[in-house]
Amino acid sequence: MTPVSAALEQTEDRSGLPSLAVVGATGAVGTVMLALLSTRQNVWGEIRLIASPRSAGKKLKVRGEEVEVVAISAEAFDGIDVAMFDVPDEVSAEWAPIAAARGAVVVDNSGAFRMDPDVPLVVPEVNAEAVRSRPKGIIANPNCTTLSMIVAMGALHHRYELDQLVVSSYQAASGAGQEGIDTLHDQLMKVAGNRDLGTTPGDVRRVVGSALGPFPAPLVLNVVPWAGSLKDDGWSSEELKVRNESRKILGLPNLKVSATCVRVPVVTTHSLSVHARFNTEVDVDEAREVLRDAPGVLLFDNPAEGEFPTPADVVGTDPTWVGRIRKSLDDPQALELFVCGDNLRKGAALNTAQIAEVVAKELTQA
Ligand SMILES: NC(=O)c1ccc[n+]([C@@H]2O[C@H](COP(=O)([O-])OP(=O)(O)OC[C@H]3O[C@@H](n4cnc5c(N)ncnc54)[C@H](OP(=O)(O)O)[C@@H]3O)[C@@H](O)[C@H]2O)c1
């Protein structure tokens, strides 16, 4: 323990605060979660780190202290008030109900429960009140692509009432977890310095070889119009998530949504080009004001000065950045926007932490 953390330990009284488990603490989202828990205002007593048996005994740092990772088991949830799950769908599906049965309120980052009618799907800036109705003791965190735009869309919906979203995503490698990050870096190493690449059909594929990781085509020097698994009629699971989750969060079961999800060679931060159509005519200056005033949104929209959101500037920050706002030329009720959000922060760990903090406040006040 460093002298600084030792001093903090002495001054910080955590008695009476709810206890927290971070399940999946060793993963891409879990790593960002530990960093967030170390910098946000502390509302937690004990923080317990849980992962697969492969990681048991590993030591990770949170709030300046080394904490040993424990293997997942029913007993690992004893004494835990809130359990964040940052693990694959099938792990959440199996273990979240066990944690809830042991008395923890689960905040789940996976896709296992998002569309369950008895599980609220929450973005605190948009529908924080939904947290209170959780018959299964489970609250779901939306997927990173939906989350990267929904705070801005919620603010505009509040003013103009959404009718339709047409969305193209530009999704980062880390959306596919640590394996996605590693694959992009490995592919970058393979192509670095080769100035002939990207000039003939298949040349990038030949250099990358079979090491495609979680992607169906080389990601480096490429754009891949695919994320997730194949569903009916050619849609990808990611595209259907954007549609279904936007509808549930906004409470608009009939919202028209068309999404095309695309993977780009960016490490972290998803971008979306959005055509948003509303039930009333829009005023672009007023829309800018709405976004400027919206909690969790950062308006960055001055193309004359080269100011618009890009992943390279947005990564590592909390807000949803919005720029390139234009009134549609052929539809007075529609806006065109470009939105960026760090998929590991607001797109995952930050939103989960915010939901958990809403629950912590409720438990502390009870
Ligand atoms: N990446 C994103 O942008 C993003 C955004 C929103 C939501 N999510 C969701 O968040 C979840 C985690 O994603 P990630 O990107 O962080 O994945 P990841 O990097 O692959 O990490 C997976 C984590 O789950 C743990 N785990 C795997 N199998 C387990 C088991 N049987 N029992 C207990 N723990 C187990 C791993 O522990 P070990 O290290 O011990 O294997 C690791 O800590 C997924 O459901 C994902 O869909 C991801």
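Just so you know, ligand 1 is whichever comes first in the structure, and atom 1 is the first atom listed for that ligand. Start at 1 with the first residue, then count along the sequence.
- The shortest contact between atom 3 (O) of ligand 1 and any protein heavy atom is with Asn343 ND2, 3.1 Å.
- Salt-bridge check for Arg292 with Glu289: passed, with a basic side-chain N closer than 4.0 Å to an acidic carboxylate O.
- Environment of CZ in Arg132: sparse, with no more than 12 heavy atoms of neighbouring residues, nucleotides or ligands closer than 6.0 Å.
- Protein heavy atom nearest atom 23 (C) of ligand 1, with residue, atom name and distance: Asp86 O, 3.6 Å.
- With a 4.0 Å heavy-atom cut-off, ligand 1 is reached by the backbone of Thr26 and by its side chain too.
- Within the set Pro142, Gly111, Gly347, the minimum heavy-atom distance to atom 6 (C) of ligand 1 is found for Gly347.
- In this structure, atom 34 (N) of ligand 1 lies nearest to the protein heavy atom Ser52 N, 3.2 Å.
- Nearest-residue assignment for atom 15 (O) of ligand 1 (options Ala112, Gly177, Pro214, Gly30; heavy-atom criterion): Gly177.
- In terms of protein heavy atoms, atom 48 (C) of ligand 1 is closest to Val29 CG2, 3.5 Å.
- The CE atom of Met149 lies 13.5 Å from the CZ atom of Phe338; values are rounded to the nearest 0.5 Å.
- Side chain of Thr317 to main chain of Val314: a donor-acceptor pair is present (N/O by atom type, distance under 3.5 Å, no hydrogens or angles).
- Scanning the protein for heavy atoms near atom 31 (N) of ligand 1, the closest one is Val91 CG2, 3.7 Å.
- The nearest heavy-atom contact from the protein to atom 11 (C) of ligand 1 is Val87 O, 3.3 Å.
- Atoms of ligand 1 lying under 4.0 Å from at least one heavy atom of Ser55, given by number and element, are 38 (P), 39 (O), 40 (O).
- Contact annotation: for Arg54 versus ligand 1, heavy atoms closer than 4.0 Å belong to the side chain alone.
- Only the side chain of Leu344 comes within contact range of ligand 1, with a heavy atom under 4.0 Å; no backbone atom does.
- Of the options Gly24, Ala349, Pro88, the smallest heavy-atom separation from atom 22 (C) of ligand 1 is shown by Pro88.
- At a threshold of 4.0 Å, the pair Glu238-Arg263 does not count as salt-bridged, since none of the basic side-chain nitrogens sits closer than that to a carboxylate oxygen.
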Derivation and outcome, side-chain hydrogen bond (donor to acceptor under 3.5 Å, both in side chains), residues Gln41 and Glu357: CA-CA 10 Å; Gln41 188 184 357; Glu357 286 164 9; over 6 Å; no

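- Between Phe85 and Phe77, the angle of the ring planes stays under 30°, which puts this pair in the parallel group of the 30/60° scheme.
- Counting non-hydrogen atoms of other residues, nucleotides and ligands closer than 6.0 Å to CD of Glu46 gives a total above 12.
- Taking every non-hydrogen atom of Ser110 and a distance limit under 4.0 Å, the qualifying atoms of ligand 1 come out as 45 (O).
- Checking Glu239 against Thr260 by side-chain atom types alone, no donor-acceptor pair falls below 3.5 Å.
- Shortest contact from atom 7 (C) of ligand 1 to any protein heavy atom: Asn109 OD1, 3.2 Å.
- Of all the atoms in ligand 1, the ones that sit under 4.0 Å from a non-hydrogen atom of Ala348 are 5 (C), 6 (C).
- Ile249 and Tyr160 fall within a single hydrophobic cluster, where Ile, Leu, Val, Met, Phe, Trp and Tyr side chains are chained together by heavy-atom contacts under 4.5 Å.
- With ligand atoms numbered from 1 in the order given, ligand 1 contributes 1 (N), 2 (C), 3 (O) to contacts under 4.0 Å with heavy atoms of Ser174.
- Rounding to the nearest 0.5 Å places CZ of Phe278 at 4.5 Å from CG of Leu156.
- In terms of protein heavy atoms, atom 20 (O) of ligand 1 is closest to Gln178 N, 4.4 Å.
- Every atom of ligand 1 with a heavy atom of Ala51 under 4.0 Å away is listed here by number and element: 33 (C), 34 (N), 37 (O), 40 (O).
- Salt-bridge formation is not detected for the pair Glu336/Arg324: no Lys NZ or Arg NE/NH1/NH2 atom is positioned less than 4.0 Å from an Asp or Glu carboxylate oxygen.
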